[in-house]
2 protein chains.
Amino acid sequence: MCADLCCEEKCIHQDIVNKVETHLPNDETLYDLAELFKVFGDSTRIKILYALFEAEMCVCDIAELLNLTQSAISHQLRVLKSAKLVKARRAGKTVFYSLSDEHVRLIINQGMEHVIE
Amino acid sequence: MCADLCCEEKCIHQDIVNKVETHLPNDETLYDLAELFKVFGDSTRIKILYALFEAEMCVCDIAELLNLTQSAISHQLRVLKSAKLVKARRAGKTVFYSLSDEHVRLIINQGMEHVIE
DNA sequence: CTTTCATATGAACAACTGTTCATGTGTTTA
DNA sequence: TAAACACATGAACAGTTGTTCATATGAAAG
């Protein structure tokens, strides 16, 4: 059904259009998915997640380990927490952060595979 | 080795610090990884990739299918191509785009699993 | 060669992002 | 209660991003 689209000659057929429209998740889901990847799209946050791969940690440890300010880390942990990638546990004055689940590791590893070609 | 870090009491030990420093990829790799996820972090680009899951398509088809301007799609295809997520094939006036490899699908599916909980 | 069509690209703009700095909140200890 | 500590948060700032508009490139047809 090229006429419905732009090209004159050899463009996609109606059954492909239908297939896309069937398989394409709804806008809200796609938006959420993009938001999730956006969270992974910052090297500070990636570093925090890599640190938490090894053990749960408090904010100041992460800051010290990554050589960044406590405030910067705290802001980023907030983002990670909203995305449900990390969870927090309070122990007195200290707050320990850890990975929410194994999805985080899987997603990062999958991405890393593409990066290292 | 809490003294090396910030907290007074129960913070991470030196062997964990060592573990993180051993497993943490170098800055350039982490930067590349973040750049990769940044590319997935836009719903327009996600939609384009979903469309290409079904078949290779030319720019105007994608634009028509997603109800966006040809220019916007072209700009985004450039980003996707730089990240080696899609490849282009010229046929006369038309340029057909398709997925570079199966990593794309795997990364998106992995992200989707987290989104749909 | 000129026109037409599909695509690419540059400039401009508003919207968004990540850090810093200052300060607020909540918990423990003196 | 006051001080000290770990963490959270708001404002402000520079840097980045995605779209639009106008225009350029490159290929095919007349």
Side-chain angles (χ1 to χ4, degrees), chain A residues 2-3 5-12 27 30-31 34-49 56-83 86-98, chain B residues 2-3 5-12 27 30-31 34-49 56-83 86-98:
Chain A
C2 297
L5 296 173
C6 68
C7 312
E8 300 163 336
E9 327 156 23
K10 41 177 312 185
C11 284
I12 64 172
D27 271 5
L30 290 171
Y31 182 81
E35 286 303 302
L36 175 67
F37 284 124
K38 222 173 270 184
V39 175
F40 286 99
D42 176 77
S43 53
T44 299
R45 288 193 290 266
I46 293 270
K47 283 181 193 174
I48 294 175
L49 294 173
E56 68 169 9
M57 287 186 202
C58 65
V59 180
C60 61
D61 280 351
I62 301 172
E64 180 79 22
L65 197 59
L66 304 182
N67 216 30
L68 291 164
T69 68
Q70 174 267 320
S71 179
I73 296 295
S74 189
H75 278 295
Q76 298 298 9
L77 282 168
R78 190 175 195 273
V79 175
L80 291 167
K81 200 179 165 192
S82 317
V86 304
K87 56 181 193 284
R89 173 178 74 83
R90 176 143 223 153
K93 290 176 291 187
T94 309
V95 177
F96 288 95
Y97 282 87
S98 58
Chain B
C2 297
L5 295 175
C6 68
C7 312
E8 300 162 337
E9 327 155 22
K10 41 177 314 183
C11 284
I12 64 172
D27 271 7
L30 290 170
Y31 182 81
E35 286 303 302
L36 174 68
F37 284 125
K38 221 172 273 182
V39 174
F40 287 98
D42 176 78
S43 53
T44 299
R45 287 192 292 266
I46 294 270
K47 283 182 193 173
I48 293 175
L49 293 173
E56 67 169 12
M57 287 185 200
C58 65
V59 179
C60 62
D61 280 351
I62 301 172
E64 180 79 23
L65 197 57
L66 303 182
N67 216 30
L68 291 164
T69 67
Q70 173 267 322
S71 180
I73 296 296
S74 189
H75 278 295
Q76 298 299 9
L77 282 169
R78 191 175 196 271
V79 175
L80 291 167
K81 200 179 165 192
S82 317
V86 304
K87 55 182 196 281
R89 173 178 74 83
R90 178 143 221 151
K93 290 177 287 185
T94 309
V95 177
F96 288 96
Y97 283 87
S98 58

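All values reported here derive from a predicted model rather than from experimental measurement.
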Next item on the list: Please list, chain by chain and in numerical order, all residues satisfying ring pair (Phe, Tyr, Trp, His ring centres under 6.0 Å) with B/Tyr97, sequence neighbours excluded.
Entry: none

Notebook entry, point to check: Whole-Å distance between D/dA6 P and A/Ile62 CD1?
Noted result: 14 Å

Item checked: Sugar-phosphate, base or nothing in reach of A/Thr69, heavy atoms under 4.0 Å -> sugar-phosphate

Notebook entry, point to check: How many angstroms lie between atom CD of B/Glu56 and atom CD1 of B/Ile62, to the nearest 0.5 angstrom?
Noted result: 10.0 Å

Checklist line | A/Lys87 atom NZ, neighbour heavy-atom count above 12 within 6.0 Å | finding: yes

Notebook entry, point to check: Rounded to whole angstroms, how far apart are CD1 on B/Ile48 and P on D/dT19?
Noted result: 8 Å

Would you give me the side-chain donor-acceptor pairs under 3.5 Å for residues 65-80 of chain B, sequence neighbours excluded?
from    : atom 1 : to      : atom 2 : distance (Å)
B/Thr69 : OG1    : B/Ala72 : N      : 3.1
B/Gln76 : OE1    : B/Arg45 : NH1    : 2.8

Next item on the list: Please state how far atom CD in B/Glu64 lies from atom P in C/dT7, giving the value in whole angstrom units.
Entry: 12 Å

Notebook entry, point to check: Using a cut-off of less than 4.0 Å, is there contact between a side-chain N or O of B/Tyr97 and OP1 or OP2 of C/dA8?
Noted result: yes

Next item on the list: Calculate the interatomic distance between B/Leu77 atom CG and C/dT7 atom C1'; express it in whole Å.
Entry: 10 Å

Notebook entry, point to check: Which residue, B/Ser74 or A/Leu68, contacts DNA chain C at a nucleotide closer to its 5' end, judged by nearest heavy atom?
Noted result: B/Ser74

Note to self: Just the rounded figure in Å: distance from P of D/dC5 to CZ of A/Arg90.
What the structure shows: 16 Å

Next item on the list: Could you state the atom-to-atom distance from NZ of A/Lys93 to P of C/dT27 in whole Å?
Entry: 12 Å

Margin query: Whole angstroms only, please: what is the NZ-C1' distance between B/Lys81 and C/dT7?
Written below: 11 Å

Checklist line | Distance (rounded to the nearest 0.5 Å) between B/Asp61 CG and B/Glu64 CD | finding: 8.0 Å

Notebook entry, point to check: In B/S/- notation, 5' to 3', how is nucleotides 10-18 of chain D contacted by protein heavy atoms closer than 4.0 Å?
Noted result: B------SS

Checklist line | Rounded distance (Å) that lies between atom C1' of D/dA6 and atom CZ of A/Phe96 | finding: 11 Å

Note to self: Return whichever of A/Gly92 or A/Gln70 has its heavy-atom-nearest nucleotide of DNA chain C closer to the 5' end.
What the structure shows: A/Gln70

Checklist line | Geometric class of the B/Phe37/A/Phe37 ring pair [parallel <30°, tilted 30-60°, perpendicular >60°] | finding: parallel

Notebook entry, point to check: What's the spacing between A/Cys58 SG and A/Lys93 NZ if we round to 0.5 Å?
Noted result: 11.5 Å

